[in-house]
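These notes are about the structure you will find just below.
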Amino acid sequence: MDDSKPKSLNFLEEIIQQNLASGQYSEGIFTRFPPEPNGYLHIGHAKSICLNFGLALRFGGKTNLRFDDTNPITEETEYVEAIKKDVSWLGFTWENELYASNYFEQLYQFAVELIKKSLAFVDDSTAEQIAAQKGTPTSAGTESPYRKRSVDENLTLFKEMRDGIHVDGAKVLRAKIDMAHANMHMRDPLMYRIRHVAHHRTGKTWCIYPMYDFAHGQSDSMEGITHSICTLEFDVHRPLYDWFIEKLNIFPTHQYEFARLNLSHTVMSKRKLLQMVNEKIVKGWDDPRMPTISGLRRRGYTAASIRNFCDRIGVAKRDNLIDLSLLEFCIREDLNKSADRVMAVLDPVELVISNYPEDQVEELAIENNPEDPESGKRSVPFSKNLYIERDDFMLDPPKKFFRLGPDLMVRLKGAYIIKCEFFDLNEDGSVKTIYATYFPNSKSGSDTSEIHVKGTIHWVSVPHAVEAEIRSFNRLLIVEDASELGDDFLKFINPESVQINERAFVERSLRSAGVNKAVQFIRKGYYCLDPDANPDKLVFNRTVTLKDTWAKEQNK
RNA sequence: UGACCUAUGGUGUAAAGGUAACACACCAGUUUUUGGUUCUGGUUUUCUAGGUUCGAAUCCUAGUAGGUCAACCA
């Protein structure tokens, strides 16, 4: 830690600092990141990952990656692999790769122990009956008629459950606590249910599986987790978490809760993300529009930018809705320093420089990144025939339009100042070709023309242009707060969440672009090559646009 | 008509009884061969009512508002 500039602590850091100051956990703190392998990780998980690993890093501790795989119905090995990849990619290294299923035998023995202490019983009630017994938050529940079974009978029946004698749903094991407890989770909660289903790791070894509440705390305890950090909705589970640990008399791990991340214009629930994948609203878990780690990666977000984002949003216990613009700020901040600038014309229109020699080609040296003096220059071919952006020409331009129009002058980036002379129109009235003249003495780096223009536009030489497909992504939702949305959230999907320019042109140097390497298309945004690209066809994803105060001005 | 959690600018997050600050967003200007970047400045804040105190965003009480909890999900 850097004592020279005291950084304010979040509430978890404060707790840990106090623990350490009072001599607790002298061997270091231990945290864990415990995903259920039933889907891909998203930006909300990134917050938890950065928190858990970050806390351990900061206070000299360790972090386990533990898969909470107690429900074989929804879990798959595919997800385990994807999760490991994402955590690694974010830049974190776990101490141990563990699974709740590693502890099935031990958990079974814990359950037997509680039965022997008369703190658990086998219940033959149906799911509906148990639900009815629970009562409501404002009225006490009623005890199960099976609650008074003898220890021996419970032991026998629980063994039978394990041995597969009973069908799914026939029996459950419940803790014997208090059916009148104000906390619903303390009203004889379920510990085990029967599921004759193969598990992705233990196969058919088990047909009874522990519930979350009976697995999570004990797993933490067995691993010596000092700070078990989870989201707010588990707050009401904490008394039960503590109850099992106390009755079992095992290592006293402690649970702390923080507010989950909510991002504006973004669906975060795993269920809804899965639905979008299944209903093909998006092309997969790693669709660049998805808030998943894999989607953000494919979109071009860097691990550093996501870590930085998680750092900036802070950690607290109140509900929050973070503006997407903060995430965008973080990736722009990162890429501005590192991404090479190149030229690409997304919506091309031809520009002919009338007074430029027919067959001449000049190789212009253009800097790669003005923010990085080390980045050097590259050679870009210039010729009589160019593509420029359709947007950069207006027949009847408004005031302060620093681009091309009849009789207007602009600089072509890294090349010459030109003046528009005339233009041809297509039958539909759109611009077909623009004709301009250039000033030979205005060449970048050796400009003696003394002409001052306000605007500089990008271009690509027609004979040297490389055709590419460019995919521009926008926010997936048209509403700010997705938490307000129910099952009809699909109605609020942005119909323009992706725009594809199939016939865009990029400069020659991009022919050797590497997948995921960020570049800035000058005046457009940050882009990266998509894995869909092949040697015959380049495909770029827009990670984020550049800030555009001109567009903002126009919308006024 | 319960228990628990929470309440600070537009959005987040700080301020551990002593000048309410930082970031994003927004606005204005500066710089710039990217309407990018940089730099400078600005607008905007303690849920309400009582109480304790020389002094309250902070402590207490009561309200109010939001959230969570009644899955054989996690």
Side-chain angles (χ1 to χ4, degrees), chain A residues 7-10 14 34-36 38 68-71 73-75 100 123 125-127 130-141 168-169 171-174 181-185 187 190-195 208-209 211-213 215-216 230-239 257 259 264 270-271 312-330 332 336-337 341 343 366-367 370-371 400-403 410-415 417 442 444-445 447 453-458 480 483 520-525 545-554:
Chain A
K7 192 197 165 206
S8 60
L9 304 180
N10 65 45
E14 263 176 40
E36 182 189 13
N38 67 346
D68 228 338
D69 56 349
T70 57
N71 183 3
I73 293 175
T74 56
E75 297 154 6
D123 195 334
S125 304
T126 63
I130 289 174
Q133 290 161 21
K134 288 248 174 182
T136 70
T138 52
S139 63
D168 288 9
K171 287 178 168 47
V172 292
L173 184 72
R174 295 175 73 179
H181 200 109
N183 185 332
M184 299 291 287
H185 293 276
R187 322 245 263 224
L190 269 63
M191 293 163 62
Y192 270 91
R193 76 290 218 188
I194 300 171
R195 281 240 217 284
I208 57 171
Y209 293 93
M211 300 290 291
Y212 165 85
D213 285 306
H216 204 95
C230 60
T231 47
L232 244 31
E233 63 268 29
F234 290 98
D235 177 88
V236 284
H237 292 246
R238 179 150 35 87
E257 309 85 19
S264 71
K270 250 189 202 177
R271 209 193 88 244
R312 283 171 183 269
I313 59 178
V315 180
K317 295 192 76 157
R318 70 188 91 117
D319 292 328
N320 59 77
L321 180 61
I322 308 283
D323 201 311
L324 199 52
S325 65
L326 181 63
L327 218 210
E328 295 181 341
F329 167 82
C330 289
R332 286 195 192 104
N336 178 47
K337 288 177 291 187
R341 274 61 170 167
M343 293 196 282
I366 301 182
E367 60 188 347
E371 300 295 315
K400 292 206 275 184
F401 183 75
F402 308 143
R403 305 182 190 181
V410 288
R411 175 175 291 284
L412 295 172
K413 174 70 183 176
I417 292 173
S442 67
S444 278
D447 185 352
V453 293
K454 285 268 192 154
T456 299
I457 64 172
H458 58 281
E480 195 173 34
S483 70
Q520 182 194 107
F521 289 173
I522 287 178
R523 301 208 302 136
K524 283 290 168 186
T545 60
L546 256 28
K547 272 176 68 178
D548 190 348
T549 51
W550 169 244
K552 206 179 288 177
E553 181 80 22
Q554 290 212 295

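To find a chain, count down the sequence lines: A is the first, B the second, and so on, and within it residues start at 1.
Among the atoms of the strands shown, base atoms are found under 4.0 Å from some heavy atom of A:Leu190. Across all strands, A:Glu553 comes closer than 4.0 Å to no nucleic acid atom at all (heavy-atom distances). Within 4.0 Å (heavy atoms only), A:Ala127 reaches at least one base atom of the nucleic acid. Residue contacts shown for A:Ser125 include a base, since a base heavy atom lies under 4.0 Å away. Here A:Arg403 lies in heavy-atom contact (under 4.0 Å) with a base. Across all strands, A:Glu371 comes closer than 4.0 Å to base atoms (heavy-atom distances).
Partners of A:Ser264 by side-chain hydrogen bond (donor to acceptor under 3.5 Å, both in side chains), not counting sequence neighbours: none found. Partners of A:Thr136 according to the side-chain hydrogen bond (donor to acceptor under 3.5 Å, both in side chains) rule, which considers only residues two or more places apart in sequence or in another chain, are A:Thr138, A:Ser139. Applying the ring-ring contact (aromatic ring centres under 6.0 Å, His included) rule to A:His216 yields the partners A:Tyr212; only residues at least two apart in sequence or on another chain are considered. A:Glu371 meets the salt bridge (charged side-chain N to carboxylate O under 4.0 Å, His left out) test with no other residue; sequence neighbours excluded. Not a single side-chain hydrogen bond (donor to acceptor under 3.5 Å, both in side chains) links A:Glu480 to another residue, sequence neighbours left out. Residues meeting the ring-ring contact (aromatic ring centres under 6.0 Å, His included) test with A:His181, sequence neighbours left out: none. Scanning for side-chain hydrogen bond (donor to acceptor under 3.5 Å, both in side chains) contacts around A:Glu36 gives A:Asn38, A:Thr74, with sequence neighbours left out. Applying the salt bridge (charged side-chain N to carboxylate O under 4.0 Å, His left out) rule to A:Asp123 yields the partners A:Arg174; only residues at least two apart in sequence or on another chain are considered.
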Under 3.5 Å, which protein N or O atoms sit close to an N or O of nucleotides 29-33 of chain B? Give each pair with its distance.
residue : atom : partner  : partner atom : Å
B:U33   : O2'  : A:Lys413 : NZ           : 3.2
B:U33   : O2   : A:Gly414 : N            : 3.3
B:U33   : N3   : A:Arg411 : NE           : 3.3
B:U33   : N3   : A:Ser444 : OG           : 2.2
B:U33   : O4   : A:Arg411 : NH1          : 3.2
B:U33   : O4   : A:Ser444 : N            : 3.1
B:U33   : O4   : A:Ser444 : OG           : 2.3
B:U33   : O4   : A:Gly445 : N            : 3.2

Sort me out a list of protein N/O and nucleotides 16-24 of chain B N/O pairs below 3.5 Å, or just none if empty.
residue : atom : partner  : partner atom : Å
B:A23   : O2'  : A:Arg312 : NH1          : 2.7

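By the stacking rule of 5.5 Å between ring centres and under 30° between planes, A:Trp550 stacks on the base of B:G35.
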(message) For Watson-Crick and G-U wobble pairs within 3.5 Å on both distances, what is RNA chain B written in dot-bracket notation, | included for inter-strand pairing?
(response) .((((((..((((....[..)))).((((.........))))....(((((..]....))))))))))).....

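Proximity of A:Thr70 to the phosphate of B:A74: a side-chain N or O atom is located under 4.0 Å from OP1 or OP2. Within the structure, a side-chain polar atom (N or O) of A:Arg318 is placed less than 4.0 Å from OP1 or OP2 of B:U13. Phosphate proximity of B:C26 to A:Lys552: present, with a side-chain N or O under 4.0 Å from OP1 or OP2. Note on A:Thr549: a side-chain N or O is less than 4.0 Å away from OP1 or OP2 of B:G36.
Between A:Asp548 and A:Ala259, the residue anchored closer to the 5' end of RNA chain B is A:Ala259, taking for each the nucleotide with the nearest heavy atom. Nearest-nucleotide mapping onto RNA chain B: of A:Ala182 and A:Ala131, the residue sitting toward the 5' end is A:Ala182.
Among residue pairs with one or both ends in residues 314-324 of chain A, those qualifying as salt bridge (Lys or Arg N to Asp or Glu O under 4.0 Å) are A:Glu257-A:Lys317; sequence neighbours excluded.
Side-chain atoms of A:His237 come within donor-acceptor range of the base of B:A74, with a qualifying N/O pair under 3.5 Å. Not a single donor-acceptor contact under 3.5 angstrom links the side-chain atoms of A:Arg523 to the base of B:G35. Not a single donor-acceptor pair, N or O on each side, falls under 3.5 Å between the base of B:G10 and the side chain of A:Glu480.
Between A:Glu328 and A:Leu326 the shortest side-chain heavy-atom distance does not fall below 4.5 Å. Residues A:Thr456 and A:Arg523 are not in side-chain contact: their nearest non-hydrogen atoms beyond the backbone lie 4.5 Å or more apart. Under the 4.5 Å side-chain criterion, counting only non-hydrogen atoms from C-beta, A:Thr545 is in contact with A:Arg332. Counting heavy atoms from C-beta outward, A:Pro370 and A:Arg341 have side chains that approach closer than 4.5 Å.
When the nucleotides B:G12, B:U34, B:A74 are ranked by their closest atom to the side chain of A:Pro370, B:U34 comes out on top. Side chain of A:Leu546, nearest nucleotide from B:G12, B:G36, B:A74: B:G36. The side chain of A:Asn336 approaches B:G36 more closely than any other nucleotide in the set B:G12, B:G36, B:U6. Nearest nucleotide to the A:Lys317 side chain, out of B:C72, B:C5, B:A14: B:C5. Taking every side-chain heavy atom of A:Tyr212 into account, B:A74 is the closest of B:A74, B:U68, B:U34. Closest contact between the side chain of A:Glu36 and the listed nucleotides B:C73, B:A14, B:A70 involves B:C73.
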